[in-house]
Every structure is written in C-alpha cells, then in structure tokens.
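Contents: one structure, followed by commentary.
For reference, positions follow the sequence shown, starting with 1.
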Amino acid sequence: MVQKYQSPVRVYKHPFELVMAAYERRFPTCHLIPIFVASDVMKEETSEDGSTHRIERRCALDVDAPRLLKRIAGVDYIYFIQKNTLNRKERTLHIESHNETFSNRVIIHETCCYSVHPENEDWTCFEQSASLDIKSFFGFESTVEKIAMKQYASSINKGKEIIEYYLKELDDEGITHMIQKWIPLDADYIKRYLGDLTPLQESCLIRLRKWLQETHKGKIPKDEHILRFLRARDFNMDKAREILCQSLTWRKQHQVDYLLETWSSPQVLQDYYTGGWHHHDRDGRPLYILRLGQMDTKGLVRALGEESLLRHVLSINEEGLRRCEENTKVFGRPISCWTCLVDLEGLNMRHLWRPGVKALLRIIEVVEANYPETLGRLLILRAPRVFPVLWTLVSPFIDENTRKKFLIYAGNDYQGPGGLVDYIDKEIIPDFLGGECMCEVPEGGLVPKSMYRTAEELENEDVRLWTETIYQSASIFKGAPHELLIEIIDASSVITWDFDVCKGDVVFNIYHSKRAPQPPRKDPLGAHGITSPGGNNVQLIDKSWTLGQDYSMVESPLTCKEGESVQGSHITRWPGFYILQWKFHNMPACSATNLPRVDDVLATLQVSSHKCKVMYYTEVLGSEDFRLVALCVCVYVHLACMTNNIRNLQLS
C-alpha cells in the first residue's frame, strides 16, 4: 500500500530571499537534524542570465532503526538524492527528493515548494508532499513502514522550527532583509533600455554582470554603466572587467556614489564657472554647454584649487548619468551619453596658463577612466587661432574613440549647412550663438583677485578634499604581508572590516595575542625593486613568535580573489591585541610533478614582482553599537528593496 502525505501551507512572515538564505544554512549538515550526517554536491549549474540555479546533492541519513535491521540490510546510512531548482525571476524554490538506497525495494518520493505569498510579497509560503511505497524488505515491510513514517513525521515537525532557527541566527547577525540582485535581462529589456546588441555583446554583458554579482559585494553598477565599459574596450571581457573594477574601487574610496547629495558648489563656481545643462539635442541626449573662452581658468584654480574643480566636474558627470536615465524614460529609447557644446570665443594665450592646463589634463584623465562612452558628441564652436596649440596639448590624453566624436567649427561656420542645426533644434539654440533660446549658463568674467588663496592654503585644502576617505590602501608582497593592529579593551566588542582586492589574490587572517607586538616595521619596498606611492606595508608579528603560543588564529583563513569586495565582522572573546593580516596568496604546486600549475604561472605574470594591493576600512564597535548599526543597515536594505520593487513595476 502506498502511503501519501500532503502538508498544509506554512507561512513564514519573511521575504523569500531571506528564507532562502536561512534554508541554505542547513547544508552541508544541520545540527538540528541529528540523522542528517552529510551532504555532497553532485551537480550544480546556473542559467546564462543568472535567473535559475540548479543543484543536486547526495544526502546521508543515519536512520533511527533497530541494529538488527541495519545488519540485515547491510547498511549504516540511507542515501537520498535531492534536486533543487531556484528560480530568482519567479521567486520559487522547487525541491525533489528520492531514495538511492534500496530503490528497487522501497520508493520514497518527496516534493517541496517555497514561493511568495499570493497576498503579501514580503511573506513566503511552503508546501510539502510525499509518498512511500514499500515493495519488499526482507519480511520487515511493516516495521520499515512504521520507522519511515515516524522519521518523516519528526522531520515535518522539525522543518519550520529549523528555518525559524536560522532566520533568528540571521537576525542576530543584523540581517533582516536581502536585496534581490537578479534583474531580468531579456531581449525586450535590452532593446528598450540598452539598445541593439549582437548576441556576442549580449553574452558579454550577461557574463560580466553575473561575475560582479558573484564577486563584488558592494553596490552593483547599472546595466547601462557596465555596457559603457564593455564598449570602451570593444567588448573584450577581461579588459572591461579590469577597468570597471578599478573604477568601482575609485568610486568607493572617494564616495562618488553620494557626490550629488553631499557636494555643494562654492559660490565662486556658481558665479564664474561658465558651464551648465541646457535641454537636449535632436537625438534626445542631454546637452551640456561650456563657454570655455569666457572662463577665467587661472582665477578659478587660484581661488579654488585643482581638487575643487575636479570634484565639480565629477558632479557634472554624475548629473549627466542621471539625466541619461531620465531621457531614456521620456523618449522611450536607450540614451546612454550626452552632447557637449564648447564655445571657444574669447580663448587666448591666457587659457594656456600652465597650472590651468595641468588641472585640465588631470580632469580629462579621471573622466576618461571612470566615465567611458558617456560623450556622444562634442561640438566645438568658434575655434580661434590658438586652438591648435591647446589641442596639441590635450589630444594625447583623449581616447581615440572619443576623438572621433569631435566636430570643430571655426568662425561662424557652425551657422551654415552641416552646422549646429543638424544636431540641435533651432528653437533651443542659445541666444549667444544667434538663437532665440535664453541660456542660463553664467557669462563668467575675471575672478576677483581678492578671492585668490595662497599656495599653502590651496595645498592643504587639496589634500583635505581628495584624501577625504575612510579607506586606506596597502601593498602586499610575497613574504611581506600587511598587518593592522587593533587593541580591544572590552570583550564582546565587534571588529568590522570592508576591503577590496585591487590587484592579485590575497589570504585574509585574524590573530589574537595577549601581549603587544613590537612597534611596526615598514617593509623596505626597495628590496622588492618597487616603489609604492599608493599604499604602505607594515608587519607586526615578530618572526620569533610561535603560532599557538605567542598568538592564535581566531578566524579561518579567507582566500580573496582579485576584484572581490569583502565585508565581515568578528565578535571578540577576549581583551588584548588583534592583528588583521593580508597575505600574498601562493597557489599550490601540482602534487604529482611538483611543477607549478598553469594558474600559478599566469598569476606570476599578472602580479608584477609578486605584488598585491588592497584598500581597506576597519572599525571597532561595542556590542550595543553593533546592533544599532545593524538595525540602520536593515532599514536601508528595506528601503532599497522597496525602491527595487518600484523600479521593476515601472519596467513592466
């Protein structure tokens, strides 16, 4: 006789993604299920767009059965095959299980499903059904059936309790919401928001985004921004990934994501910086107008300094990205770049002042590295005779693809056929160019010398502005790790860290010592034949110290690959001195031949002179402070989830 079971619908008052995080903590073993002794992953695959994840496990159960029955059966463990299919798009998890052991005598089949509550998308439903068919079992069919039903009833009662246990564990760690990272990347979405891509280009975008989701734990850039980096490197995945990771690190280090909210232009910029946004061109691209010939570049540099000008230009680029998104929605087609109109009337040798040119070259370098493929067209009007001199200075710093977008008009050539009206509607041509549209771009003029600041004042402010970052950088060499000392007075404090691996692969360790190390010694970088202006190297653990006696390891070593972003925390058990260590990752040689592996050779080629680099931030919190921070993070994540849901509704 076939025994069947169908559960009522259980409801977890938690979002689907959070329940999935709790569910995954059951593997590879679960101390709450004593009979569940082991599980091995047999097969795992993810769909190309990242929406579906399939995993097959072989699970070992130590069934509570009489010893005599186990001896007759000749087994210690019962093995089951479990196949899970997680659909992030539909937000469902389907589970199918069947017994591998005695499958010719006993047939056990179970199906389970986690899904979003039909009336509340922040809740999760669970359903379960199973069947048991005992064909023959050495004359113990009735006994086996009773044992099976007893074990199954026990697991049913335990099921919800286990998920609730791991949900509480997540809550204790400050995790109460999880952002749904997967966004549909279907053909309609690509065409509507990203444009016409070839199959190969679509594949590059999907693969790069998937790689970022798996390795980068910080803010994931939007698809259109990832696409810009791919276009800038002709869809070469490795080259695009390299410059994108460098840019993400730069954005994080200097808090560029928050620039529009935190940066307020000084009054001198509002009065004398002759640039501003002005409607859009014929293609729907945002239009930025810069009256460079009317700008007192020397006066602005003397009054503000190079760093303030750079930050202002970055805010312009950030605003440009925002306007591209808005115009994409308004015009119903993908708009990923803007048009810049530069009026050079008034340009003269005064604009070739060396510090001003130096500031311009620096700005071009930063913008080229971090905002590729954002300039759709550059219209240069009323170019004077001095322009070729300026062009000779700046053109080597501009990417060849960008230079192809330049259109240069001398004198009044822009007014004729093939001129400005081919790119901008006549109704919005600015009045100072002969049009009828009033333009609110400041007219500029000379910055009063009373606003000039001394070189010392500017130097100090430049350092303060652009080193205004909570992150530090460090270089790591083979045989010379970088170590950071943290003294803990009160046990149960929380050490938190956030670091990016900018170059090479590293191993991250945490150690504890009751005694303070000797004053830190900096590694003589010259010994490695390298100078490192962008990072330091400090070692604290004395070579005479013995692991297990003088100091101990408090966390398992964590291997971190180049490009990864890592966040974590450690609750201290004892007062004393904690040492955070980033160490060069040595790949093991092939055990059979003692020869280096191919990966090892490639790593040696990629990491010049065995050098790695990390950018890190650490903080020590009291236990109460940590809970408060965790609560704030939860509120932020909840708001982010709400924003993401609104965005998905708009897309649909």
Side-chain angles (χ1 to χ4, degrees), residues 25 31 165-166 168-176 217-218 252-253 469-477 479-501 506-523 535-560 564-585 612-636:
R25 296 200 171 198
H31 69 279
Y165 172 86
Y166 286 119
K168 184 179 184 303
E169 188 174 83
L170 288 166
D171 183 68
D172 291 341
E173 295 173 13
I175 303 171
T176 58
K217 296 181 176 61
K252 183 175 181 179
Q253 184 172 12
T469 171
I470 59 176
Y471 292 89
Q472 301 181 58
S473 59
S475 297
I476 297 115
F477 304 92
H482 176 70
E483 294 166 343
L484 177 70
L485 181 66
I486 297 177
E487 184 177 3
I488 296 296
I489 305 300
D490 300 319
S492 298
S493 296
V494 181
I495 302 173
T496 66
W497 57 84
D498 177 0
F499 65 87
D500 292 312
V501 185
V506 302
V507 178
F508 178 61
N509 291 301
I510 306 177
Y511 300 101
H512 172 263
S513 176
K514 293 181 180 179
R515 59 174 173 148
Q518 293 297 316
R521 61 185 191 281
K522 292 197 174 183
D523 182 69
N536 62 337
N537 179 274
V538 175
Q539 288 125 59
L540 299 165
I541 299 176
D542 195 281
K543 292 183 178 179
S544 64
W545 281 19
T546 302
L547 182 63
Q549 295 180 9
D550 301 290
Y551 67 110
S552 59
M553 183 180 291
V554 296
E555 291 275 359
S556 300
L558 178 64
T559 301
C560 310
E564 286 189 351
S565 178
V566 181
Q567 295 86 33
S569 61
H570 173 77
I571 301 175
T572 61
R573 296 178 60 188
W574 316 279
F577 300 91
Y578 287 79
I579 300 171
L580 275 57
Q581 180 194 75
W582 291 268
K583 185 172 66 174
F584 185 92
H585 176 51
C612 301
K613 189 174 181 180
V614 296
M615 184 184 76
Y616 65 90
Y617 165 72
T618 62
E619 186 177 1
V620 178
L621 303 171
S623 57
E624 293 302 320
D625 293 334
F626 182 70
R627 290 185 178 276
L628 178 61
V629 170
L631 178 61
C632 294
V633 170
C634 294
V635 171
Y636 167 77

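Between atom CD1 of residue I486 and atom NE2 of residue H512 there is a gap of 12.0 Å, rounded to the nearest 0.5 Å. Distance CD1/I510 to OG/S556: 10.0 Å, rounded to 0.5 Å. Note that CG of D172 and OH of Y166 are 13.5 Å apart. Values are rounded to the nearest 0.5 Å. From S569, atom OG reaches atom CD of E619 across 11.5 Å, with rounding to the nearest 0.5 Å. Note: F499 CZ to Q472 CD = 14.5 Å, rounded to the nearest 0.5 Å. Atom CD1 of I495 is separated from atom CD of E555 by 9.5 Å, given to the nearest 0.5 angstrom.
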When the side chains of residues 574-584 are checked against the rest of the protein, which donor-acceptor pairs come out under 3.5 Å, sequence neighbours left out?
from : atom 1 : to   : atom 2 : distance (Å)
Y578 : OH     : W574 : N      : 3.4
Y578 : OH     : W574 : O      : 2.8
Q581 : OE1    : N509 : ND2    : 3.1
Q581 : NE2    : E483 : OE2    : 2.8

Query raised in the report: F508 and V566: side chain to side chain contact (heavy atoms under 4.5 Å, CB included), yes or no, with the steps?
Result: CA-CA 10 Å; F508 178 61; V566 181; 5.8 Å; no
Report task. Evaluate the criterion side chain to side chain contact (heavy atoms under 4.5 Å, CB included) for residue pair V506 and H482; output intermediate values, then yes/no. Result -> CA-CA 10 Å; V506 302; H482 176 70; over 6 Å; no
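The heavy-atom pair separating C560 from V501 by the smallest distance is CB-CG2, 3.7 Å. Contact between P557 and V507 at its shortest, heavy atoms only, is CB-CG1, 3.9 Å. Contact between I571 and V494 at its shortest, heavy atoms only, is CG1-CG2, 4.1 Å. Closest non-hydrogen pair, R515 versus D550, comes out as NH2-OD1, 2.7 Å. Between Q539 and P481, the closest heavy-atom pair is CG-O, 3.2 Å. Nearest heavy atom pair, residue Y616 against residue A474, reads CE2-CB, 3.9 Å.
No side-chain heavy atom of L485 sits less than 4.5 Å from a side-chain heavy atom of V538. When side chains are defined from C-beta on, S513 counts as touching W545, because their heavy atoms get closer than 4.5 Å.
Not one N or O on the side chain of S493 forms a donor-acceptor pair closer than 3.5 Å with the backbone of T572. In this structure, the side chain of D498 does not engage the main chain of Y617 through any donor-acceptor pair within 3.5 Å.
Shown here is R573, whose CZ atom has no more than 12 heavy atoms of other residues, nucleotides or ligands within 6.0 Å.
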